[in-house]
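Here is the structure we will look at, set down as structure tokens.
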Amino acid sequence: MTNQILKNFNKLQFEHDLLHWYAESKRDLPWRSENDPYKIWVSEIMLQQTKVDTVIPYFNHFIEKYPSVYELAAAEQQDVLKAWEGLGYYSRARNLQNAVREVVEEYGGKVPSTPKELGSLKGIGPYTKGAILSIAFNQPEPAVDGNVMRVFSRVLKIEEDIAQQSTKKLFEDYVRELISKEDPSSFNQAIMDLGATICTPKSPGCMLCPVQAYCRAFAEGIQDELPIKKKAKKQKSLSYVVLLIENKNGDFVIEKRLENGLLANLWQFPMVPIEEIGMDHLVNWIYSEYGVHIHLRKKVGNLKHVFSHLIWKLEIFEAKTTQTEIHDDRIIFVHRDDITKYPFPVSHQKMLQYINSSIEEDTV
DNA sequence: AAGACGGGGCC
DNA sequence: GGCCCAGTCTT
């Protein structure tokens with residue numbers, strides 16, 4: 001089935017030119033300094049849907065804190081989430097730790113090197129499985145991500161919708177045919193580097209491309225039309241009132257989010273789904289849900305936060321309470337100086353600025 | 001097959 | 001504002 005497209009494709013010369021370019025131009029990245037499967041694994045999880053420049057500082061800190069599977073397996077989940085704070089897709093962190101614990105318990109602490117075992121671990125899908133097998137264990141397995149689909153959709157002129165699952169399998173078939181048997185690790189990484197630095201989504205640098213001579217899209221001048229991808233749906237909007245509730249000790253009410261779903265197990269300031277509750281019932285609703293009696297002081301600002309699938313429209317209010325205790329382990333008082341010890345989503349980290357700016361107001 | 005799941009950077 | 005990013009899991 002791959003025969004038609006690859007029939008007149010010079011596989012060996014393509015491989016040679018690609019690997020030659022990679023040897024000269026590969027990026028110097030922290031996870032490329034050694035071949036520890038655990039570190040490759042951590043890097044691949046962090047890199048899911050996340051740019052290299054964003055990942056680098058997180059990776060360095062994470063490895064310093066958890067140098068091997070044993071430290072990560074033994075850690076508190078809250079600490080792991082704190083190390084992941086701001087990186088997004090927090091289920092990656094929870095799944096990674098669960099999988100690492102399985103590696104410690106079931107595999108003697110050694111990252112498994114078979115497709116079946118590796119693919120059965122939480123958070124390791126087809127891409128990450130192939131990436132670890134090829135990069136850490138030098139096995140000729142495809143690792144098809146957005147870069148790979150973009151590069152090969154252009155080189156081979158593939159016009160299927162890359163948002164479709166079936167299309168991804170198609171690319172895995174092509175990579176299986178093309179991948180270097182001598183150096184599969186470099187081959188996969190070379191395609192990713194190429195996609196990240198030259199064969200970019202917009203205005204690709206074809207004049208600098210080491211495999212321009214093999215590129216069917218370039219030959220026809222249609223590199224800007226590929227890959228084909230169906231448009232994403234628009235996000236739904238949700239409105240909340242967020243309450244910065246402070247008592248006389250300088251403690252704030254924060255709550256732990258549910259253990260599943262959006263921002264699972266992270267902490268936040270109380271959020272009121274204001275469309276359903278209504279401003280008139282806000283104080284009563286807070287008392288019934290949180291057991292805290294408050295009085296509103298003033299609105300301190302608006303915040304819009306965009307996720308991939310929804311938008312939060314937040315109105316931030318200051319409120320006061322005379323209470324100093326809550327009988328609940330999910331809802332707690334925390335002193336303003338200790339709030340940063342808890343993992344918070346970025347949207348709520350921004351509210352810490354309101355809290356800190358109100359200190360200055362009081363002091364002035 | 002379609003949604004849920006973060007956040008940042010670019011145009 | 002929309003698109004993209006070294007994707008995976010759930011429904």
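Each chain gets a letter, A, B and so on, in the order its sequence line appears, and its residues count up from 1.
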Mark yes or no for a side-chain to base donor-acceptor pair under 3.5 Å between A:Thr50 and B:dG8, with no hydrogen or angle criteria applied. no
Here the distance between atom C1' of C:dG7 and atom CG of A:Asn95, to the nearest Å, is 12 Å
- Within the structure shown, what part of the strands sits under 4.0 Å from A:Leu29 by heavy-atom distance: base, sugar-phosphate, or nothing? base
Separation of C:dT10 atom P from A:Arg94 atom CZ, nearest Å, is 10 Å
note: A:Lys82, atom NZ; B:dG6, atom P; distance rounded to Å ~ 17 Å
* Would you tell me if any nitrogen or oxygen in the side chain of A:His309 comes within less than 4.0 Å of OP1 or OP2 on B:dC5? => yes
Smallest heavy-atom separation, A:Pro37 atom then A:Ala136 atom, equals CA-CB, 3.9 Å
task = Using the P atom on both, measure C:dA6 against B:dC11 and round to a whole Å.
result = 15 Å
Phosphate-side-chain proximity, A:Arg150 and C:dC4, N/O vs OP1/OP2 below 4.0 Å:
no
>> Counting distance alone, no hydrogens or angles: does the base of B:dA1 have a donor or acceptor under 3.5 Å from a partner atom on the side chain of A:Gln165?
In response: yes
A:Lys229 NZ to C:dC4 P, in whole Å, measures 5 Å
Quiz item: Looking across every strand, which nucleic acid part, if any, lies under 4.0 Å from A:Arg257 by heavy atom: base, sugar-phosphate, or nothing?
Solution: nothing
Any donor-acceptor pair under 3.5 Å between the side chain of A:Tyr127 and the base of C:dG7? no
Open item on the list: What's the gap between B:dA1 and C:dC5 when it is taken at their C1' atoms, as a whole Å value?
Closed with: 22 Å
Can a side-chain donor-acceptor contact be found between A:Gln189 and A:Ser186 if the only test is distance below 3.5 angstrom? no
Q.
Apply ring pair (Phe, Tyr, Trp, His ring centres under 6.0 Å) to residues A:Phe14 and A:Tyr214 and explain how you reach the verdict.
A. CA-CA 7 Å; A:Phe14 174 85; A:Tyr214 312 88; 5.6 Å; yes
Between A:Leu262 and A:Gln164, whichever has its closest DNA chain B nucleotide further toward 5' is A:Gln164
Does C:dG7 have OP1 or OP2 under 4.0 Å away from a side-chain N or O of A:Gln48?
no
Side-chain contact check for A:Met192: nearest option of C:dA6, B:dA2, B:dG7 is C:dA6
Between A:Leu6 and A:Leu178, the two heavy atoms sitting closest are CD2-CD2, 4.1 Å
Ignoring backbone atoms, establish whether A:Tyr90 has a side-chain N or O less than 4.0 Å from OP1 or OP2 of B:dG7. yes
note: A:His305, atom NE2; B:dG8, atom P; distance rounded to Å ~ 7 Å
| If only side-chain N and O atoms of A:Lys236 are considered, is one of them under 4.0 Å from the OP1 or OP2 phosphate oxygen of B:dC5? | no
Under the 3.5 Å rule, do the base of B:dG6 and the side chain of A:Ser308 count as making a donor-acceptor pair? yes
request  = Report yes if at least one side-chain N or O of A:Lys233 is closer than 4.0 Å to OP1 or OP2 of B:dA4; otherwise report no.
outcome  = no
The reported gap from NZ in A:Lys116 to OG1 in A:Thr114 (rounded to nearest 0.5 angstrom) is 8.5 Å
Within the pair A:Lys168 and C:dT8, is there a side-chain N or O less than 4.0 Å away from OP1 or OP2?
-> yes
Heavy-atom closest pair (A:Pro140 atom, A:Lys181 atom, distance to 0.1 Å) is CB-CD, 4.0 Å
A:Ile162 CD1 to B:dA1 P, in whole Å, measures 16 Å
Worksheet item: Base, sugar-phosphate alone, or nothing: which one does A:Thr128 contact when heavy atoms must sit under 4.0 Å apart?
Response: sugar-phosphate
Just to be sure I understand the rule, does A:Gly195 reach a base, reach only the sugar-phosphate, or reach nothing, if contact means heavy atoms closer than 4.0 Å?
nothing
### A:Val253-A:Val300 co-clustered via ILVMFWY side chain contacts under 4.5 Å
no
* Would you state whether a donor and an acceptor, one from the side chain of A:Arg92 and one from the base of B:dA4, lie under 3.5 Å apart? => no
A:Glu44 atom CD is separated from C:dA6 atom P, nearest whole Å, by 11 Å
Sorted by position of nearest nucleotide on DNA chain B, 5' first, the leading residue of A:Lys202 and A:Phe344 is A:Phe344
From CG of A:Leu310 across to C1' of C:dG2 the rounded distance in Å is 16 Å
Could you check whether A:Val148 gets within reach of a base, just the sugar-phosphate, or nothing at all, counting any heavy atom under 4.0 Å? nothing
